[in-house]
Peer 1: 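Could you have a look at this structure, given as C-alpha cells, before my questions?
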Amino acid sequence: MPELPEVETVARGLQAFLPGRRILNVRLGKTDFIDDPAAIERELPGCRILAVRRFGKFLLLDFERKPGHGGQFSLQVHLGMTGQLVTCPPEVRIAPHTHLFFALDDGRELRYTDIRRFGRIRLLSNDARESFLEEFGLDPLEATEENFHVSIRSRRARIKALLLDQHVLRGIGNIYTDESLWRARIHPMRLGEKLKGEELHRLFRTVQHVLREAIRLRGSSVSDYVDANGEQGEFQLRHRVYMREGKKCFRCAAVIRRVIVAGRSSYFCPRCQTAPRQVRKKTKVNSK
DNA sequence: CTTACGGCCTGGGTGC
DNA sequence: TGCACCCAGGCCGTAA
C-alpha cells in the first residue's frame with residue numbers, strides 16, 4: 001500500500017533514470033483510471049522530463065513541452081493500492097495488469113502496472129497543479145511541531161481520522177497511522193482536540209520516526225508494493241501492530257486488537273493504548 | 001461545517 | 001477440486 005515512504009522510495013528510484021530523458025512514444029492498455037488518455041497520447045511524445053517529485057502520496061513528473069510549444073506541465077500519478085511505476089529495459093517480461101508504457105530516449109521503458117486500478121493518472125498544467133496542491137495539508141516530515149499541534153487540534157475528529165485525512169497531513173495512510181499511534185501509546189479513537197500536550201509531542205516524534213525508518217528500509221511490502229526497480233521494501237518486518245490482530249504486543253504482551261475507526265481496520269494494543277472514556281463506557285454497556 | 005458509507009477493483013484466503 | 005464469500009483500503013461522491 002503505497003503511502004509516503006513507499007512513494008518517496010519510488011520517487012528517489014525514478015530520479016536516477018528519468019530527469020533529462022525524452023518520451024519517444026506512449027502505449028496504453030486499460031485507461032479507465034486515466035483522466036484523459038487521449039491527452040496523454042497526444043501531449044507526451046517528444047517531451048523531456050525535468051524532475052520527479054513526491055507530494056503527499058502523489059508522484060509528479062514535471063515536463064518541458066515540445067520544442068517550440070513552450071511552457072511546462074506535470075504528469076500526476078497516484079499509485080492507489082497496487083500501483084507500480086518501474087523503469088526497465090524493454091525486453092523485460094511485461095507484468096500482468098501493465099497499462100502504460102513510455103518509451104524513453106535512452107532505450108529504457110517506464111511502465112505503470114496496477115492490479116486493482118485504484119491508482120489515478122492525469123496531466124496538469126502548472127496553474128491547475130498549484131491550485132490542486134494547495135488543498136492538501138502539511139508534509140509530516142517538513143512540519144514543525146507547532147504546525148503539527150495546530151493541525152491536529154484544528155478539528156473535532158478521532159486522531160485516526162485526522163492522521164488519515166490528506167487535507168490535515170499529506171502522505172500518511174493506514175499502516176503508518178497505526179504504527180505511529182502504537183509507538184506514541186495513543187488509542188485510535190481519541191479525539192484530536194483532547195490530546196494532551198505531552199501526547200501530541202510524542203505523536204509528532206513517532207510519526208516522523210516511523211516515516212523516516214520506513215523510508216530508510218525502502219517502504220513496506222505488504223501485498224504488491226515494489227520500488228522503481230521492481231524490488232520490495234523491508235519495513236513490513238518492523239511493523240508492531242498492523243495486521244497483528246490476536247498476536248502479542250511487542251511492549252506489554254497483551255493481545256493486539258482490531259476495531260474499525262474512520263471506516264478502516266485499526267490495530268492497537270488495548271493495554272498500551274487506553275481507550276477514551278466515552279468508548280470505554282459504551283463498551284461496558286454493550287458487553288453487559 | 002461535520003462525519004458516515006457505498007462503490008470502485010483484483011487476488012488471496014477461508015470454509016463448505 | 002470447485003465455488004461462494006469476504007477482506008485488503010485510498011479516495012470520491014452522496015447522504016445525513
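This structure is a prediction, so every number in the text was calculated from the model and none was measured.
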Peer 1: Nearest whole Å is fine: how far is C/dG10 P from A/Ile115 CD1?
Peer 2: 16 Å
Peer 1: Which residue, A/Arg156 or A/Asp32, contacts DNA chain B at a nucleotide closer to its 5' end, judged by nearest heavy atom?
Peer 2: A/Arg156
Peer 1: Going by heavy atoms in the side chains, are A/Leu141 and A/Arg212 under 4.5 Å from each other?
Peer 2: yes
Peer 1: Does a side-chain N or O from A/His78 land closer than 4.0 Å to OP1 or OP2 of C/dG10, or not?
Peer 2: no
Peer 1: Reading DNA chain B in the 5' to 3' direction, which nucleotide is the first one with an atom under 4.0 Å from a heavy atom of chain A, and which is the last?
Peer 2: B/dT2 to B/dG11
Peer 1: Answer yes if A/Tyr242 and A/Val255 sit in the same cluster of Ile, Leu, Val, Met, Phe, Trp and Tyr residues linked by side chain heavy atoms under 4.5 Å apart, and no otherwise.
Peer 2: no
Peer 1: Have a look at A/Tyr242 and say if it touches a base, only the backbone sugar-phosphate, or nothing, with a 4.0 Å heavy-atom cut-off.
Peer 2: sugar-phosphate
Peer 1: May I ask you to list the residues of residues 160-175 of chain A, by number, that have any heavy atom positioned under 4.0 Å from an atom of DNA chain C?
Peer 2: A/Leu164, A/Gln166, A/Asn174
Peer 1: Is it true that A/Phe204 and A/His149 have ring centroids separated by less than 6.0 Å?
Peer 2: no
Peer 1: Is there a donor-acceptor contact under 3.5 Å from the side chain of A/Gln236 to the main chain of A/Val222?
Peer 2: no
Peer 1: Nearest-Å distance, OH (A/Tyr225) to P (C/dG10)?
Peer 2: 15 Å
Peer 1: Round to a whole Å and report the spacing from CD of A/Gln236 to P of C/dA8.
Peer 2: 18 Å
Peer 1: Side-chain donor-acceptor pair under 3.5 Å between A/Ser265 and A/Arg258, yes or no?
Peer 2: yes
Peer 1: Less than 3.5 Å between a donor and an acceptor, one on the side chain of A/Arg120 and one on the base of C/dG10, is that the case here?
Peer 2: no
Peer 1: For A/Glu3 and C/dA8, what is the distance between atoms CD and P respectively, to the nearest whole Å?
Peer 2: 15 Å
Peer 1: Quick check against the 3.5 Å criterion: does A/Thr9 have a side-chain atom that pairs as donor or acceptor with the backbone of A/Asp227?
Peer 2: no
Peer 1: Going by ring pair (Phe, Tyr, Trp, His ring centres under 6.0 Å), A/His78 matches just one of A/Phe55, A/Phe33, A/Tyr112, A/Phe58. Which one?
Peer 2: A/Phe58
Peer 1: Within this structure, what is the CD-CZ distance for the pair A/Glu245 and A/Arg257, rounded to the nearest 0.5 Å?
Peer 2: 9.0 Å
Peer 1: Separation of A/Met243 atom CE from C/dA8 atom C1', in whole Å?
Peer 2: 7 Å
Peer 1: At under 4.0 Å between heavy atoms, what does A/Ser265 touch on the DNA or RNA strands: base, sugar-phosphate, or nothing?
Peer 2: sugar-phosphate
Peer 1: Contact class for A/Arg117 vs. all strands (heavy atom < 4.0 Å): base, sugar-phosphate, or nothing?
Peer 2: sugar-phosphate
Peer 1: I need the CD1-P distance between A/Ile121 and C/dG10, as an integer number of Å.
Peer 2: 18 Å
Peer 1: Do the side chain of A/Gln15 and the main chain of A/Ala51 share a donor and acceptor less than 3.5 angstrom apart?
Peer 2: no
Peer 1: For A/Asp224, which contact category applies under a 4.0 Å heavy-atom criterion: base, sugar-phosphate, or nothing?
Peer 2: nothing
